[in-house]
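Note that the numbering runs from 1 along the sequence shown for the chain.
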Amino acid sequence: MKFQLKTILAAVAITFAFASCSNDEDPVQNITGTGNLKLEFDNVYKTSNLAFNTPYTNSNGEVIKITKAKYIVSNIVLTKEDGSTYTLPKSQSYFIIDEETAASTLLNLPNIPAGNYTKVKFGIGVDQAQFNLGATGQGDFLALAQAAGMMWSWSAGYKFVNFEGTFTSPTVTTDTQFRVHTGQTGTDYNYTDVTIDLPENALVRTTITPQIHLMADLSHLIDGTNKINFTEGATIMGGAKLALVTANIANMFEAHHVHND
């Protein structure tokens, strides 16, 4: 009787173990096919949601009001938990994030290989190899950038970041325009790569479209590691200050959360 009871209990345990395995998430090696993934760029200024014509005070004591906030996102690379990567095709790799156009802040990326993704990498700007293809090699993005005011001219190149508004300070008491435009200046190309670890895996499946919520703190452009004083010069399109702004960009982004729905 005891032997029969042990046999029955063992059989039940084995059955339960198989049932448990079948209810677990599919093993990575069994994840196949493709799915979609969304990248949401949520622009903020320090702890506040970014709002145009709203006063923000920087660490230099200047009060700024933002009227334009645009930047080019490019060359998206996704890293899986096994270290392998997927690079978005060049023909789908260039986007303009424009705070004034809500639809532009949500990127829908199709045909992503199914997998568990742990990192996202992207560029701010248009990489030099792409620019070197010439005007005819830019596809539809050239016209899009021109219409969005994200080019100086073809010979001068793209504006990678277009950040404008007005400021006052203890010594500049009337609203004065500031302009921060990054891009190619002389021999400096100023393209920036950004790599972000995700707080949880983005589970791309044929039936799941993850949405990665990225916070873009635009205060970092002028008030990050490097502090930009507009009172000393409010038009930044080259020179030493532009290099400081470009260096700030790498710390401008963070992943807030991931929706796996």
Side-chain angles (χ1 to χ4, degrees), residues 33-43 68-80 84-115 117 119-164 179-196 202 204 209-212 214 216 218 221 237-238 242 245-246 249-250 252-253:
T34 61
N36 300 323
L37 183 144
K38 297 181 180 182
L39 286 182
E40 179 184 2
F41 288 83
D42 188 354
N43 293 324
K68 186 178 294 182
K70 305 180 184 183
Y71 48 92
I72 295 174
V73 170
S74 62
N75 298 311
I76 296 169
V77 179
L78 303 168
T79 300
K80 290 183 180 180
S84 61
T85 60
Y86 171 74
T87 301
L88 206 68
K90 273 282 189 181
S91 60
Q92 304 170 25
S93 286
Y94 301 93
F95 308 88
I96 296 173
I97 308 299
D98 181 356
E99 175 63 19
E100 197 169 20
T101 306
S104 74
T105 63
L106 183 63
L107 309 185
N108 295 288
L109 311 181
N111 303 315
I112 308 299
Y117 290 91
K119 293 183 182 182
V120 59
K121 176 183 175 183
F122 52 86
I124 296 298
V126 174
D127 54 288
Q128 194 162 17
Q130 177 67 17
F131 180 71
N132 288 344
L133 294 176
T136 57
Q138 306 305 304
D140 295 336
F141 188 72
L142 177 57
L144 181 65
Q146 290 172 328
M150 294 301 284
M151 294 198 75
W152 285 297
S153 65
W154 173 248
S155 59
Y158 291 97
K159 298 175 186 177
F160 299 165
V161 174
N162 190 341
F163 184 63
E164 298 182 2
R179 293 186 296 173
V180 178
H181 297 171
T182 75
Q184 177 176 297
T185 57
T187 58
D188 297 323
Y189 198 71
N190 297 309
Y191 175 86
T192 305
D193 278 322
V194 179
T195 301
I196 301 174
V204 175
T209 300
Q211 182 163 319
I212 300 172
L214 300 174
L218 297 186
L221 286 172
M237 299 183 187
L242 182 58
V245 171
T246 299
I249 290 173
M252 196 170 88
F253 300 89

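Minimum interatomic distance between N162 and H181 (heavy atoms only, all atoms of both residues): OD1-NE2, 3.0 Å.
No side-chain donor from either of N108 and N36 sits under 3.5 Å from a side-chain acceptor of the other.
Note: Y191 and F131 fail the aromatic proximity criterion, with ring centroids not under 6.0 Å apart. For an aromatic pair to be called close, the ring centres must be under 6.0 Å apart, and F95 with Y71 fails this.
In this structure, the separation between CG on L78 and CG on L88 is 7.5 Å, given to the nearest 0.5 Å. Interatomic distance, M151 CE to L144 CG, rounded to the nearest 0.5 Å: 11.5 Å. With rounding to the nearest 0.5 angstrom, the CG atom of D193 is 11.5 Å from the CD1 atom of I249. With values rounded to the nearest 0.5 angstrom, K80 atom NZ is found 4.5 Å from Y117 atom OH. We find the CD1-CD1 distance between I112 and I76 to be 8.0 Å, quoted to the nearest 0.5 Å. Rounded to the nearest 0.5 angstrom, Q128 CD and N190 CG are separated by 10.5 Å.
No donor-acceptor distance shorter than 3.5 angstrom exists from the side chain of N111 to the backbone of G35, with no hydrogens or angles considered. Between the side chain of T101 and the main chain of S104, no donor-acceptor pair closer than 3.5 Å is present. Remark: the backbone N or O of G137 is paired with a side-chain donor or acceptor of Q130 at under 3.5 angstrom. A donor-acceptor pair is defined here as one N or O able to donate and one able to accept, closer than 3.5 Å; such a pair exists between the side chain of S74 and the backbone of G125.
Between I196 and F122, some side-chain heavy-atom pair lies under the 4.5 Å cut-off. Using a 4.5 Å cut-off on side-chain heavy atoms (C-beta onward), V204 and P210 make contact. Put simply, the side chain of K121 does not reach to within 4.5 Å of the side chain of V194, judged on heavy atoms. For the pair M150 and K70, the minimum side-chain heavy-atom distance is below 4.5 Å. Under the 4.5 Å side-chain criterion, counting only non-hydrogen atoms from C-beta, Q211 is in contact with L106. The shortest distance between side-chain heavy atoms of K38 and T209 falls below 4.5 Å. Under the 4.5 Å side-chain criterion, counting only non-hydrogen atoms from C-beta, Q146 is in contact with L142. Residues K68 and F163 are not in side-chain contact: their nearest non-hydrogen atoms beyond the backbone lie 4.5 Å or more apart.
In the displayed structure, K119 atom NZ is contacted under 6.0 Å by at most 12 heavy atoms of other residues, nucleotides or ligands. The local environment of CG in D140 is sparse, with at most 12 non-hydrogen atoms from other residues, nucleotides or ligands closer than 6.0 Å.
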Run N43 and I97 through side chain to side chain contact (heavy atoms under 4.5 Å, CB included) and show every step you take. CA-CA 9 Å; N43 293 324; I97 308 299; 4.3 Å; yes
What do the steps show when you test L107 against F41 for side chain to side chain contact (heavy atoms under 4.5 Å, CB included), and what is the final call? CA-CA 8 Å; L107 309 185; F41 288 83; 3.7 Å; yes
Evaluate the criterion ring pair (Phe, Tyr, Trp, His ring centres under 6.0 Å) for residue pair Y158 and Y94; output intermediate values, then yes/no. CA-CA 12 Å; Y158 291 97; Y94 301 93; 7.9 Å; no
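Here the options are T105, L109, V73, the test is side chain to side chain contact (heavy atoms under 4.5 Å, CB included), and the partner is L39; only L109 passes. Evaluated for a side chain to side chain contact (heavy atoms under 4.5 Å, CB included) with I124, the options V161, N75, I72 yield exactly one hit, V161.
By the side-chain hydrogen bond (donor to acceptor under 3.5 Å, both in side chains) test, E100 is found to be paired with no residue, residues two or more places apart in sequence or in another chain being considered.
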